[in-house]
Amino acid sequence: MSKDYSALTENFIQKVIDQDREEKKYGGQVHTRFPPEPNGYIHIGSAKAILINYGLAQANGGKFNLRFDDTDPTKEEEEFVESIIEDIKWLGADWEDRLFFASDYFDKMYECAVQLIKDGKAFVCDLSQEEIREYRGTLTKPGKESPYRERSIVENLDLFERMKAGEFPTGNRVLRAKIDMASPNMNMRDPVIYRIQHNPHFRTGDKWCIYPMYDYAHPLSDAFEGITHSLCSLEFEDNRPLYNWFLENLDFPEPPQQIEFARLNISHTVMSKRKLRRLVEGGHVNGWDDPRMPTICGLRRRGYTPEAIWDFCDRSGVAKSNSLVSIAQLEHCIREDLNIRAPRVMAVLDPLKVIIENYPEGETEYLDSEINPEQPELGKRKLPFSRELYIEKDDFREDPPKKFFRLGPGREIRLKDAYYIKCVDYKKDPETGEITELRCTYDPETKGGWSEDGRKVRGTAHWVSAPQAVSAEIRIYNHLFNSENPEEEGDFLEDLNPDSLEIVSGCMVEPGLKKSGPGDRFQFLRKGYFNRDPVEAKKGNLVFNRIVPLRDTWAKMQKKKD
RNA sequence: UGGGGUGUGGCCAAGUGGUAAGGCAAAGGACUUUGGAUCCUUUAUUCCCAGGUUCGAAUCCUGGCACCCCAGCCA
């Protein structure tokens with residue numbers, strides 16, 4: 001990441017860092033971490049958390065760790081650590097040699113728990129799960145102390161060791177911190193810090209049958225790694241006093257500090273792992289890497305670039321208010337990026353055959369076309385031109401409406417980088433009324449798409465030479481949900497956009513596209529940005545995903561009329 | 001009815017007592033061999049509301065209101 005991320009230098013977290021550095025807290029160092037639980041795929045909301053952590057470390061000459069928070073063996077799998085690593089690498093955040101797992105610290109955490117017991121600050125509780133809940137009280141009523149709260153230190157030590165030794169079944173007992181059952185903060189009502197779980201862990205195997213809870217494991221992991229600023233999302237604000245409690249009572253000098261920020265929400269999609277899982281498992285999308293998903297693997301397959309994703313995360317800012325960022329913002333970022341880097345190419349999605357009556361039969365000539373007008377130094381490519389072409393069905397109207405600058409009976413337009421053509425006749429299916437073929441003439445004096453006589457030709461169409469054209473499938477993606485915020489009450493699945501995927505087959509694309517590789521991105525002139533679907537490419541299929549359409553002022557005008 | 005947060009234009013978001021940055025969206029125009037891109041211009045007399053302090057308040061004080069989070073042996 002070499003770009004300057006302005007929001008990162010303006011947000012409230014940076015201000016905390018500035019002050020800490022001024023006071024020489026943490027020796028003036030900044031050390032952050034990204035702590036995913038390996039229980040699913042990461043999404044663009046996680047990407048923002050990564051950017052904030054990694055970016056803030058970079059901006060302050062600090063370090064960034066990747067640490068898997070693997071404290072619940074019933075939910076976590078090796079498969080997810082691999083996919084998360086792949087995704088973060090692709091995003092470009094660099095943890096160097098600092099890849100850690102909370103499970104690396106299980107021994108040290110156990111020792112700390114023993115210390116808490118010795119200090120009379122933790123106890124083994126025999127209450128059942130239901131009883132613990134009852135004893136906890138409610139939001140407005142204080143809880144009751146557990147009858148096991150005053151057990152002797154010796155007994156607690158013995159019981160905890162036997163918990164570890166596997167003497168008790170899953171869920172039989174827990175270790176709890178002794179804090180305050182009357183605290184208005186539910187997290188401080190003698191929270192559970194260890195539970196029994198006879199379940200093999202993907203990293204530690206059968207070594208443990210007791211596992212630490214997040215609230216306990218997280219501050220300790222941070223402290224063990226020398227993290228200075230532990231950034232997390234807003235819902236952990238109430239956990240902060242507990243985070244601090246463990247570090248204070250375990251006597252960590254210069255403990256890390258937790259700072260919370262609002263997680264990213266984007267309109268017309270969902271971000272919670274639970275909902276994403278429902279989309280996948282319910283078959284509403286085709287897997288975690290479905291190009292409609294806000295997962296990193298989905299966005300990658302869709303054709304998004306890491307640069308665009310980071311630019312988007314940066315632009316959406318870092319603050320503490322819950323917000324819903326418009327998906328238009330994301331689309332703007334990828335357009336801006338791809339406008340500069342994507343080679344231009346012509347593809348006709350809905351082909352209409354055009355015969356150029358005055359063009360010699362059997363002849364082919366090769367015309368020059370710019371690879372990318374934003375990068376003229378890239379030069380030009382050769383495009384075949386012949387008597388039979390395809391243009392977009394959309395680019396012809398029998399009765400052209402006002403301000404329609406394209407083809408109609410007797411009208412003339414320009415074929416991009418080729419010639420002016422004039423429509424002299426057309427064929428129509430008598431049954432359906434569908435236009436099936438255009439007969440046109442071309443003006444040989446307009447080669448390259450230009451004439452010296454000052455003729456005004458408003459419209460320019462993209463086209464492809466029929467004999468050389470290659471057939472392809474194109475997948476058009478639209479917003480996954482109809483409403484801005486499908487997370488709002490009610491069944492979010494009912495809000496699914498039935499047209500989020502349109503498969504268009506029989507598209508005609510310029511021949512050079514045959515040589516494209518998996519994931520290659522292009523601008524299909526006048527249509528949008530597309531990439532060669534990497535999964536289909538591996539099977540040898542020529543399939544393109546629409547990343548995002550081009551801004552289309554004609555379409556906008558039409559829409560306004562409705 | 002307990003606790004923790006947040007409220008600045010359609011959507012994000014700066015601003016920290018001196019007279020409302022920026023981006024997206026929207027609208028108008030210029031240019032154009034992509035109805036793309038680019039370039040101009042316009043869009044909050046006002047910062048959730050009501051009082052108060054002050055020469056001066058989005059910023060300070062008081063009192064309301066709205067929204068989000070917390071009662072997993074999940075994270």
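Letters A, B, ... mirror the listed sequences (proteins, then strands); counts begin at 1.
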Report the C-alpha separation of A/F544 and A/F524 in whole Å, then their side-chain angles, then the decisive distance to 0.1 Å, and conclude whether the ring-ring contact (aromatic ring centres under 6.0 Å, His included) test is met.
CA-CA 10 Å; A/F544 293 92; A/F524 287 2; 5.4 Å; yes
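- Between A/K273 and B/rC74 there is no side-chain N or O to OP1 or OP2 distance below 4.0 Å.
- Test A/D20, A/D222, A/N244 against A/Q257 for side-chain hydrogen bond (donor to acceptor under 3.5 Å, both in side chains) and you get one pass: A/D20.
- Between A/F12 atom CZ and B/rG15 atom P the separation is 12 Å, expressed in whole Å.
- A/P351 approaches A/V348 most closely through the heavy-atom pair CA-CG1, 3.5 Å.
- Between the side chains of A/E331 and A/H479, a donor-acceptor pair is found at a separation under 3.5 Å.
- Within 4.0 Å of A/T71, counting heavy atoms only, lie sugar-phosphate atoms of the nucleic acid but no base atom.
- B/rA66: Watson-Crick or G-U partner is B/rU6, with both key distances under 3.5 Å.
- The listed nucleotides are B/rC73, B/rG15, B/rC70; the one nearest the side chain of A/Q129 is B/rC73.
- No N or O donor and acceptor, one from the side chain of A/N185 and one from the base of B/rG4, sit under 3.5 Å apart.
- Mapping A/L139 and A/G317 onto RNA chain B by nearest heavy atom places A/L139 at the nucleotide closer to the 5' end.
- Atom-to-atom distance recorded for A/R162:CZ and A/E167:CD is 4.5 Å, nearest 0.5 angstrom.
- On the P atoms, B/rU1 is 35 Å away from B/rU16, given to the nearest whole Å.
- For the 3.5 Å distance criterion, the side chains of A/S183 and A/N185 fail to qualify, holding no donor opposite an acceptor.
- Atom C1' of B/rA21 sits at a distance of 14 Å from the matching atom of B/rC47, rounded to the whole Å.
- The closest side-chain donor-acceptor pair between A/R341 and A/N372, if any, does not fall under 3.5 angstrom.
- The nucleotide whose nearest atom lies closest to any side-chain atom of A/A319 is, among B/rU16, B/rA26, B/rA13, B/rA13.
- Residue A/S323 is in sugar-phosphate contact alone, with no base atom involved, counting any heavy-atom pair closer than 4.0 Å across all strands shown.
- As rounded to the nearest Å, B/rG18 and B/rG9 have C1' atoms that lie 23 Å from one another.
- Contacts of A/P36 with the nucleic acid, taken as non-hydrogen atoms under 4.0 Å apart, are absent.
- For B/rC74, the OP1/OP2 oxygens have no side-chain nitrogen or oxygen of A/R274 closer than 4.0 Å.
- For A/R195, whose side chain is taken as the heavy atoms from C-beta onward, the closest listed nucleotide among B/rG15, B/rG3, B/rA75 is B/rA75.
- Rounded to the nearest Å, the gap between the C1' atom of B/rG52 and that of B/rC67 is 26 Å.
- The side chain of A/M213 approaches B/rC73 more closely than any other nucleotide in the set B/rC73, B/rC24, B/rA13.
- Using modelled atom types, one finds a donor on one side chain and an acceptor on the other under 3.5 Å when comparing A/N239 with A/D215.
- In summary, the side chains of A/Q329 and A/S326 do not present any donor paired with an acceptor at a separation below 3.5 Å, with no hydrogens or angles considered.
- Contacts of A/R173 with the nucleic acid, taken as non-hydrogen atoms under 4.0 Å apart, are absent.
- Shown here, B/rA71 forms no base pair; nothing in the strands shown gives a Watson-Crick or G-U wobble contact with both key distances under 3.5 Å.
- When distances are taken from the side chain of A/T138 to each of B/rA71, B/rC74, B/rU34, the shortest belongs to B/rA71.
- Using a 4.0 Å heavy-atom criterion, one finds that A/S326 contacts the sugar-phosphate atoms exclusively.
- Residue A/K141 contributes atom NZ, which lies 16 Å from atom P of B/rG3 at whole-angstrom precision.
- Comparing B/rC68 with B/rG63, their P atoms sit 24 Å apart, to the nearest whole Å.
- With B/rA71, B/rG5, B/rC24 as the candidates, the nucleotide lying closest to the side chain of A/L234 is B/rG5.
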Take A/R203 and A/E76 through the test salt bridge (Lys or Arg N to Asp or Glu O under 4.0 Å) and record every step on the way to the result.
CA-CA 10 Å; A/R203 300 205 91 226; A/E76 297 146 5; over 6 Å; no
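- Here B/rG7 is in the anti range [glycosidic angle more than 90° from 0].
- Counting non-hydrogen atoms under 4.0 angstrom, A/R335 reaches nothing in the nucleic acid.
- Nucleic acid contact class of A/N239 (heavy atoms, under 4.0 Å, all strands): base.
- Checking B/rA14 for Watson-Crick or G-U wobble geometry (two distances, each under 3.5 Å) identifies no partner in any strand.
- Distances from the side chain of A/D72 to the nucleotides B/rC12, B/rA75, B/rU1 place B/rA75 closest.
- Ranked by how close their nearest RNA chain B nucleotide is to the 5' end, A/K15 and A/R133 are led by A/K15.
- In this model, the phosphate group of B/rG35 is approached by a side-chain N or O of A/R526 to a distance below 4.0 Å at OP1 or OP2.
- Within 4.0 Å (heavy atoms only), A/F404 reaches at least one base atom of the nucleic acid.
- Residue A/Q523 is classed as a base contact, given a heavy-atom separation below 4.0 Å to a base.
- A/D70 and A/S103 are linked by a side-chain donor-acceptor pair at a separation below 3.5 angstrom, with hydrogens and angles left out of the test.
- Residue contacts for A/L127: at a heavy-atom cut-off of 4.0 Å it reaches a base atom on one of the strands shown.
- If you check every strand for non-hydrogen atoms under 4.0 Å, A/Y211 touches nothing.
- Residue contacts shown for A/Q329 include a base, since a base heavy atom lies under 4.0 Å away.
- The nucleotide whose nearest atom lies closest to any side-chain atom of A/P184 is, among B/rG35, B/rA75, B/rG3, B/rG3.
- Note that CD1 of A/I474 and CE of A/M508 are 11.0 Å apart. Values are rounded to the nearest 0.5 Å.
- When each of B/rU34, B/rG23, B/rC12 is scored by its nearest atom to the side-chain atoms of A/L324, the top-ranked nucleotide is B/rC12.
- At a threshold of 4.0 angstrom between heavy atoms, the contacts of A/E237 are confined to the sugar-phosphate backbone, with no base atom among them.
- Note on A/K320: only backbone sugar-phosphate atoms sit closer than 4.0 angstrom, heavy atoms only; bases stay farther off.
- Annotation: B/rG2 and B/rA14 have their C1' atoms spaced 35 Å apart (nearest Å).
- Of the listed nucleotides (B/rA75, B/rG35, B/rG7), B/rG7 has the atom at the smallest distance from the side chain of A/S321.
- Near RNA chain B, defined here as any heavy-atom distance below 4.0 Å, the residues from residues 546-554 of chain A are A/L550, A/R551, A/D552, A/T553, A/W554, listed numerically.
- With hydrogens and angles ignored, a donor-acceptor pair closer than 3.5 Å exists between the side chain of A/E374 and the base of B/rG36.
- Contact annotation: A/H462 does not reach the phosphate of B/rU34 (side-chain N/O to OP1 or OP2, under 4.0 Å).
- One can place CG of A/D238 at 8 Å from C1' of B/rG5, the figure rounded to the nearest angstrom.
- A donor N or O paired with an acceptor N or O is not found under 3.5 Å between the base of B/rG4 and the side-chain atoms of A/R240.
- With P as the reference atom, B/rA44 and B/rG5 are 34 Å apart, rounded to whole Å.
- Here, B/rC60 and B/rC39 have their C1' atoms 44 Å apart, quoted to the whole Å.
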